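As structure tokens, the structure follows; a few thoughts come after it.
What you see is a predicted model; the values in this text were computed from it and never measured. Numbers here are sequence positions counted from 1.
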Amino acid sequence: MLLILHQGAIGDFILALSVIQPAAEKLDAEQVVAVASADSARLAAGRSCIDRCVHPDAASLHTLFASKGPLHENLQRLLDSAHWILSFLGGPETTVHARLTAHTAGQVIVIDPRPMATTLSNR
């Protein structure tokens with residue numbers, strides 16, 4: 001399973017699909033599950049490469065953002081099922097990334113959606 005972690009809004013998730021689709025194909029993911037709150041993620045489930053969408057509250061995603069303590073069993077169950085995790089929740093220096101890598105045997109792939117100096121430059 002390819003697990004997508006995304007907290008952006010409707011348009012952000014639509015743009016993320018352009019990354020998720022080829023990643024799912026390249027990884028030959030048998031199932032793609034998105035943990036996302038955007039309505040577009042829910043609508044994409046079953047109509048795109050996304051097979052299922054889980055709301056962040058149902059997955060207890062908030063426990064991933066805590067610096068200490070266990071992950072909620074709902075989130076841990078998802079992480080245990082994933083061969084790959086594609087996280088749009090920040091860069092490799094974040095608490096989220098550290099907690100993800102500590103709580104899963106799957107490979108964590110990070111795409112930091114935050115603007116950076118290189119993406120904001122006026123070329």
Side-chain angles (χ1 to χ4, degrees):
M1 174 182 59
L2 171 59
L3 180 63
I4 309 299
L5 302 176
H6 193 281
Q7 284 290 97
I10 292 170
D12 295 329
F13 191 83
I14 291 170
L15 290 172
L17 281 172
S18 67
V19 173
I20 296 167
Q21 176 73 41
E25 290 172 6
K26 181 72 174 171
L27 297 170
D28 197 26
E30 71 282 355
Q31 183 182 30
V32 180
V33 175
V35 176
S37 57
D39 288 339
S40 52
R42 186 178 43 81
L43 291 171
R47 296 177 182 91
S48 68
C49 66
I50 306 294
D51 296 302
R52 184 167 60 106
C53 182
V54 178
H55 193 277
D57 291 344
S60 300
L61 189 64
H62 67 279
T63 61
L64 188 60
F65 291 87
S67 58
K68 295 179 183 173
L71 299 181
H72 190 278
E73 63 186 43
N74 294 345
L75 180 57
Q76 189 63 62
R77 195 174 309 115
L78 283 169
L79 293 175
D80 289 345
S81 300
H83 293 96
W84 306 277
I85 296 107
L86 180 54
S87 172
F88 291 86
L89 303 179
E93 75 289 346
T94 63
T95 298
V96 169
H97 180 72
R99 303 241 316 147
L100 275 175
T101 57
H103 289 276
T104 185
Q107 176 155 357
V108 179
I109 304 164
V110 176
I111 297 178
D112 191 346
R114 298 174 296 180
M116 295 177 259
T118 55
T119 60
L120 295 174
S121 66
N122 294 327
R123 291 186 187 191

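Nearest heavy atoms, Ser37 versus Pro56: N-CD, 3.7 Å. Summarising the geometry of Val32 relative to Ala24, their closest heavy-atom pair is CG2-CB, 3.7 Å, with the distance given to 0.1 Å. Considering every non-hydrogen atom in both Pro70 and Thr63, the closest pair reads O-CB, 4.2 Å. Taking both residues in full, the closest heavy atoms of Asp112 and Glu93 are given as OD2-OE2, 4.3 Å, listed atom of the first, atom of the second, then distance. Across Phe13 and Ala41, no two heavy atoms sit closer than the pair CE2-CA, 3.4 Å. Nearest heavy atoms, Gly8 versus Ala38: O-CB, 3.6 Å.
Taken together through direct or relayed side-chain contacts under 4.5 Å among Ile, Leu, Val, Met, Phe, Trp and Tyr, Leu79 and Val33 form part of one hydrophobic cluster. Taking hydrophobic clusters as Ile, Leu, Val, Met, Phe, Trp and Tyr residues chained together by side-chain heavy-atom distances below 4.5 Å, Val110 does not share a cluster with Leu86. Under the 4.5 Å side-chain heavy-atom criterion for Ile, Leu, Val, Met, Phe, Trp and Tyr, Leu71 and Val108 are members of the same hydrophobic cluster.
Atom CG of Asp51 is separated from atom CE of Met1 by 10.5 Å, given to the nearest 0.5 angstrom. Of the inter-residue distances, the one linking Asp57 atom CG with His72 atom NE2 reads 11.0 Å to the nearest 0.5 angstrom. To the nearest 0.5 Å, the span separating CG on Leu27 from CD1 on Ile109 amounts to 5.5 Å. Put simply, NZ on Lys26 and CD on Gln21 are 14.5 Å apart, with the number rounded to the nearest 0.5 Å. We find the CG-OG distance between Leu43 and Ser48 to be 10.0 Å, quoted to the nearest 0.5 Å.
Leu5 places a side-chain heavy atom less than 4.5 Å from the side chain of Leu64. The closest side-chain heavy-atom distance from Ile4 to Trp84 is not below 4.5 Å. Side-chain contact between Leu17 and Ile50: present, with at least one pair of heavy atoms (C-beta onward) separated by less than 4.5 Å. Proximity of Ser87 to Ile111: side-chain heavy atoms (C-beta onward) are nowhere separated by under 4.5 Å. The shortest distance between side-chain heavy atoms of Leu89 and His97 does not fall below 4.5 Å. Using a 4.5 Å heavy-atom threshold, the side chains of Gln107 and Ile85 count as separate. Between Arg42 and His55, every side-chain heavy-atom pair lies at or beyond the 4.5 Å cut-off.
Within 6.0 Å of the NE2 atom in His103, the count of heavy atoms belonging to other residues, nucleotides or ligands exceeds 12.
Checking side-chain atoms of Gln31 against main-chain N and O of Leu2 turns up no donor-acceptor pair under 3.5 Å. Of the possible polar contacts, none joining the Ser60 side chain to the Leu75 backbone as a donor-acceptor pair under 3.5 Å is found. At distances below 3.5 Å, not a single donor-acceptor pair connects side-chain atoms of Arg99 with backbone N or O atoms of Phe65.
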Take Leu61 and Gln7 through the test side chain to side chain contact (heavy atoms under 4.5 Å, CB included) and record every step on the way to the result. CA-CA 10 Å; Leu61 189 64; Gln7 284 290 97; 3.7 Å; yes

Assess whether side chain to side chain contact (heavy atoms under 4.5 Å, CB included) is satisfied between Leu3 and Val35, documenting all intermediate values. CA-CA 7 Å; Leu3 180 63; Val35 176; 3.9 Å; yes

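Between Asp80 and Arg77 there is no salt bridge, since no side-chain nitrogen of the basic residue lies less than 4.0 Å from a carboxylate oxygen of the acidic one.
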